[in-house]
Amino acid sequence: MAYAEQSDDAAQDDLQQKFPTPRNMTNQDQQELPNLPGEAESAAGERKLIEDRLAKTAQIRARGLDPYPPRFDRTHTSEEATRLFEDAEAVAGTSADEAEPPRTEPVRVAGRIMARRGMGKAAFIDLKDGYGSIQAFARQNTMGDDAYAIVNLLDIGDIIGVEGSVIRTRRGEISVEATKVTVLTKAIRPLPDKWHGLQDQEIRFRQRYLDLISNDTAMKNALLRSNVVRSMRSFMHGRGFIEVETPILVPVAAGAQATPFETHHNQLDRDLYLRIATELYLKKLIVGGIERVFEIGRLFRNEGLDHDHNPEFTTIESYQAYADYNDVMEMVESMVAHIAEETTGSMILPEVEGIRPEIDLTPPWPRLDLREEIKKRSGIDFVETRDAESLSAAMRERGIHVEAGSAWGRLLDKVISSEVEPHLVQPHFLVDYPVEMSPLAKRKPDSDEIVERFEAFVMGTELANAFTELNDPVDQRERFEQQERMRLDFGDDEADRLDEDFLVAIEHGMPPTGGLGLGIDRLTMLIAGEESIREILLFPAMRNT
RNA sequence: GACGGGCUAGCUCAAUUGGCAGAGCAAGUGACUCUUAAUCACUAGGUUCGGGGUUCGAGUCCCCGGCCCGUCACCA
C-alpha cells in the first residue's frame, strides 16, 4: 500500500513486463527507472548499477521466466547437501568400485549468490543460505544452451535455486552440478565488497541486513542473542516461573529511577508513558497469587545513548514469593552460568584480546558488602557521611566529580560507579545498599538504613539488580512520597513516581518476595565478548540523517 | 554537552608541502568448459558529507553545520 499513489503507472508497468526493453536500446526515453525510494539521492554511478540489473531483469522476463517466482521447492539446505555428499563419499570409499567418482541423487538448493567465477561456457557460483554455503557448478554442456543462458544474467546478490547432483570438483570443492538454475529473486542493488565485507559502522547499524549478509560475526551475534533468550526462558520455566506480558503504555512510569517517554491516547484524551520497568505490574501478580512470575520485555528510558545504553532495551524481571535476595542471588549466578554453558559450551568465557580477560562465571560469585567495598576502594564510609554535604566533601577530597545539587543517594551511586565498579571485572555481587538508593527494597531486619538489595557486576558494568521486595504498604507509601519530594527538591526527573494503584495492590497483602531485573542486551554482550550494545541490538537507535 | 578522530567511485582504501583525484573489488564489452579474492585485455564510473571563506589554485588550510566512532560528563 505504500506505493498506492503510483497506481496510474500500473498499466505502463504491465506493458514493460510483456514487452521488456532489450538491454542495448538507449534507456533514456525507452525505459524510465521505476520510482525507487531514495532514487532522488542516489548517485549517478549507483543508478547505473541499478539500471544494468533492471535490464537483466527485463531479459529474464523476455525469456519467459519470472525473476520473482512465488515459490521454490528446496530439498536440501547447503549443510544437508554437503552432508549428503560426504555420506555418499564415505560409502564409495569403502567399496572397491573406484571407477565412478561419488555423486548424489539430484537435490535442489537455494541461496544468495556471494561470488561468481565465470569461465566462458562454465561458471562457479558461491551460494549462501541460512545454514552455510555451497558452490554451484554450471556447465553449458551439462545444462544445455538454453538453460545455461540464464547463468549470464546472474549477479552477485541474486537469490537462485540450483538443481543437480552433488559432486566434488577436481579442485576438491563439494558442488551442486547444475542441471537447472532458477532465478528466485533478482537483486537490483549490489552487495558490499565481497572480500572486505561491510566496514562502514553506520551502514552496518542502519542497514543491518547488509551486515548480516556480509559479516559472519553479525549473524553469530544475532543467533547468540536468540539462544540466550531461549536458554533463559527454559531456565525460568524449569524453576516453575510463569511468563507474562504486562502493559507497555502506562499511566504512571514507575518502578525505576529514569525519565520516561511520553505519548498520548487520542480517544481517551489521556497522556500515557512508555514503561521504564515491569516491576510494579509483576508485583501485582504476586499479590494475585502467581507465586513465580517473570517477563522478558522491552523497557524505554529517555536518556542518552552510548556503548552500553540504548533508549529501548530488553530485560528480564522476575518475582518469587517466599524468597529473599539471597535466593535471587543464587538464581542469578546459576542462570547466567547456565546460559553461558548452553550457548557457548562453557561457563568460562574466553579472553577477548584488547577487550577483556577470561571471565569465569562458575558459581558461586563472591559477595562483597557494599559499605566495606566502598571504604576499601575510596576510603569513604557512607554510614559516617550521611548527608549530601559531607559526602560531597569526601568525594571532592578524592577527586570524584560532584554534580551540584544532587541528592545523597545519587552521589553515592557516583562513588560506586567511578570507584568500585571498574574493579569488578570477574562476576561479583555488591550486597546491602542504603535505603535512599532503593525505594522498593525491604530494610534489613536489624537496620533502618540498609536494605536487602544486591547488584551483579561483570566487566565493570551492572548486569543485574535485585532485592527483597518491600511489602509493608505504609513504608512503601512513605518511600514513594520521599521520591516525589526528591523530584521537587532536587529537580530530579528520574526520581521514582508514586503509583497509587500499586499501593492499593500491596495494601491487600503481598507475600515476602525476592525480585530481579537483569539486562539481556548486556548479558548477551558479555557472552558475545562485545563492547558495544550496538553489536547486539539488531537495529540500535540512530540519530536522524 | 565538551574534547579528539573520521566522512574521497556502488564497496574497500590511496592521494607527499596546497599543484592534473587514483587503485583493487563490483559493473560493462571481449577471451576462456574445474574455478574458489579465477585469470587476461579494454571501457565506463567522482557534488572528495553539506555550506561559506583564504588562495592563481583546496580532498588537503580556516569558519559554520550534519552524521559516525572514541574519551569524558550525564545516564542504572
Side-chain angles (χ1 to χ4, degrees), chain A residues 23-24 41-53 55-56 113-127 133-143 148 151 155-157 167-175 177 187-206 210 214 256-259 276-277 299 301-311 313 315 400-403 406 409-410 413-414 416-418 421 433 437-438 455-457 461-465 492-494 496 517-519 522 531-532 534 540 542-545:
Chain A
R23 166 154 204 343
N24 290 328
E41 306 95 73
S42 67
E46 185 179 17
R47 201 155 58 238
K48 182 182 173 298
L49 293 172
I50 292 174
E51 280 174 32
D52 286 343
R53 284 163 176 252
K56 287 183 191 171
I113 298 177
M114 300 305 290
R116 259 186 83 197
R117 293 172 293 282
M119 301 279 304
K121 294 187 172 64
F124 297 87
I125 296 167
D126 294 340
L127 270 195
S133 46
I134 191 164
Q135 179 173 268
F137 176 31
R139 274 200 304 179
Q140 192 164 32
N141 64 358
T142 310
M143 297 177 66
Y148 185 78
V151 173
D155 286 297
I156 290 172
I167 59 158
R168 196 183 279 281
T169 61
R170 261 174 239 160
R171 293 295 189 89
E173 183 81 16
I174 295 174
S175 308
E177 189 180 33
I188 61 170
R189 285 182 189 270
L191 290 182
D193 190 285
K194 67 177 172 188
W195 186 243
H196 299 93
L198 180 60
Q199 298 298 321
D200 188 312
Q201 295 263 36
E202 188 172 353
I203 297 176
R204 288 187 49 233
F205 300 148
R206 287 185 193 274
L210 294 177
S214 35
Q257 297 167 39
T259 311
I276 58 173
L299 304 184
R301 297 187 180 178
N302 208 336
E303 28 186 75
L305 11 160
D306 62 29
H307 67 100
D308 58 2
H309 291 82
N310 196 67
F313 60 103
T315 62
I400 305 168
H401 175 87
V402 175
E403 185 72 14
S406 296
R410 210 154 264 291
D413 191 28
K414 177 68 191 168
I416 298 169
S417 59
S418 68
E421 287 183 26
Y433 281 63
M437 299 174 66
S438 318
E455 293 188 297
F457 292 89
T461 55
E462 179 200 343
L463 182 65
N465 178 25
D492 189 349
D493 286 347
E494 294 173 355
D496 206 343
L518 184 147
R522 288 195 183 167
E531 274 189 305
S532 170
R534 300 181 154 209
M542 301 290 282
R543 219 175 278 262
N544 287 339
T545 41

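Below, read A as the first sequence line, B as the second, and so on, with proteins coming before strands; counting in each chain starts at 1. Keep in mind the model is a prediction, meaning the values are calculated, not measured.
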Q: A:Leu463 CG to B:rA76 P: how many Å, rounded?
A: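 Distance check: A:Leu463 CG to B:rA76 P gives 17 Å.
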Q: Please name all residues satisfying side chain to side chain contact (heavy atoms under 4.5 Å, CB included) with A:Glu531, sequence neighbours left out, ordered by chain then number.
A: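 Testing A:Glu531 for side chain to side chain contact (heavy atoms under 4.5 Å, CB included), a comparison that skips the adjacent residues, returns A:Ile355.
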Q: Identify, with sequence neighbours excluded, every residue that meets ring pair (Phe, Tyr, Trp, His ring centres under 6.0 Å) alongside A:Tyr148.
A: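 By the ring pair (Phe, Tyr, Trp, His ring centres under 6.0 Å) rule, A:Tyr148 matches no residue at all.
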Q: What is the separation between atom CG on A:Asp200 and atom C1' on B:rC11, rounded to the nearest whole Å?
A: 10 Å
Q: Is it true that A:Asp52 and A:Lys56 have a side-chain N and a carboxylate O under 4.0 angstrom from each other?
A: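 A:Lys56 and A:Asp52: not salt-bridged.
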Q: Whether A:Arg206 contacts B:rC68 is assessed here as follows: a side-chain N or O lying under 4.0 Å from the phosphate OP1 or OP2. Is that the case?
A: yes
Q: Who are the side chain to side chain contact (heavy atoms under 4.5 Å, CB included) partners of A:Glu303, not counting sequence neighbours?
A: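 Checked A:Glu303 against side chain to side chain contact (heavy atoms under 4.5 Å, CB included); matches are A:Ala258, A:Arg301, A:His309.
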Q: In whole angstrom, what separates A:Glu202's CD from B:rC11's P?
A: 12 Å
Q: Measure the distance from CG on A:Asp52 to P on B:rC11 and round it to the nearest whole Å.
A: 16 Å
Q: Where the side chain of A:Ile203 is concerned, which of B:rC11, B:rG10, B:rG28 is the nearest nucleotide?
A: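 Among B:rC11, B:rG10, B:rG28, the one nearest the side chain of A:Ile203 is B:rC11.
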Q: Is there a side-chain polar atom (N or O) of A:Lys194 under 4.0 Å from OP1 or OP2 of B:rA26?
A: yes
Q: List for me each residue that meets side chain to side chain contact (heavy atoms under 4.5 Å, CB included) alongside A:Met119, sequence neighbours excluded, and say none if there are none.
A: A:Ala122, A:Phe124
Q: As a test of reading the structure: which of B:rG28, B:rA26, B:rC34 is closest to the side chain of A:Lys48, going by heavy atoms?
A: B:rG28
Q: Tell me: CZ of A:Arg53 to P of B:rA27, nearest whole Å?
A: 7 Å
Q: Using atom names, set out every protein N or O paired with an N or O of nucleotides 30-32 of chain B below 3.5 Å, distance rounded to 0.1 Å.
A:
residue	atom	partner	partner atom	Å
B:rC32	N3	A:Gly120	N	3.0
B:rC32	N4	A:Gly120	N	3.3

Q: Side-chain contact test, heavy atoms from C-beta onward, threshold under 4.5 Å: evaluate it for A:Arg522 versus A:Glu462 and give yes or no.
A: yes
Q: Below 4.0 angstrom, N of the basic side chain to O of the carboxylate: do A:Asp126 and A:Arg117 qualify?
A: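 Looking at A:Arg117 together with A:Asp126, the answer is yes, because their closest N to O distance falls below 4.0 Å.
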Q: What distance, rounded to whole Å, do you find between the two C1' atoms, one in B:rG45 and one in B:rG28?
A: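 B:rG45 and B:rG28 have their C1' atoms separated by 10 Å.
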Q: How far apart are the C-alpha atoms of A:Arg410 and A:Gln257, what are their side-chain angles, what is the distance that settles it, and do they pass the side chain to side chain contact (heavy atoms under 4.5 Å, CB included) test?
A: CA-CA 10 Å; A:Arg410 210 154 264 291; A:Gln257 297 167 39; 4.0 Å; yes
Q: Under 4.0 Å: is that the gap between some side-chain N or O of A:Arg410 and OP1 or OP2 of B:rA76?
A: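 Answer is yes, contact under 4.0 Å.
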Q: Does B:rC34 have its OP1 or OP2 closer than 4.0 Å to a side-chain nitrogen or oxygen of A:Arg168?
A: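 Looking at the OP1 and OP2 atoms of B:rC34, neither is under 4.0 Å from any side-chain N or O of A:Arg168.
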Q: Whole angstroms only, please: what is the CG-P distance between A:Asp496 and B:rA76?
A: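 Answer to the nearest Å: 11 Å.
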Q: Determine the stems involving RNA chain B; a stem requires 3 or more consecutive pairs of the Watson-Crick or G-U wobble kind, each with both distances below 3.5 Å, and the answer is none if no such run exists.
A: B:1-7 with B:66-72, B:10-13 with B:22-25, B:27-31 with B:39-43, B:49-53 with B:61-65
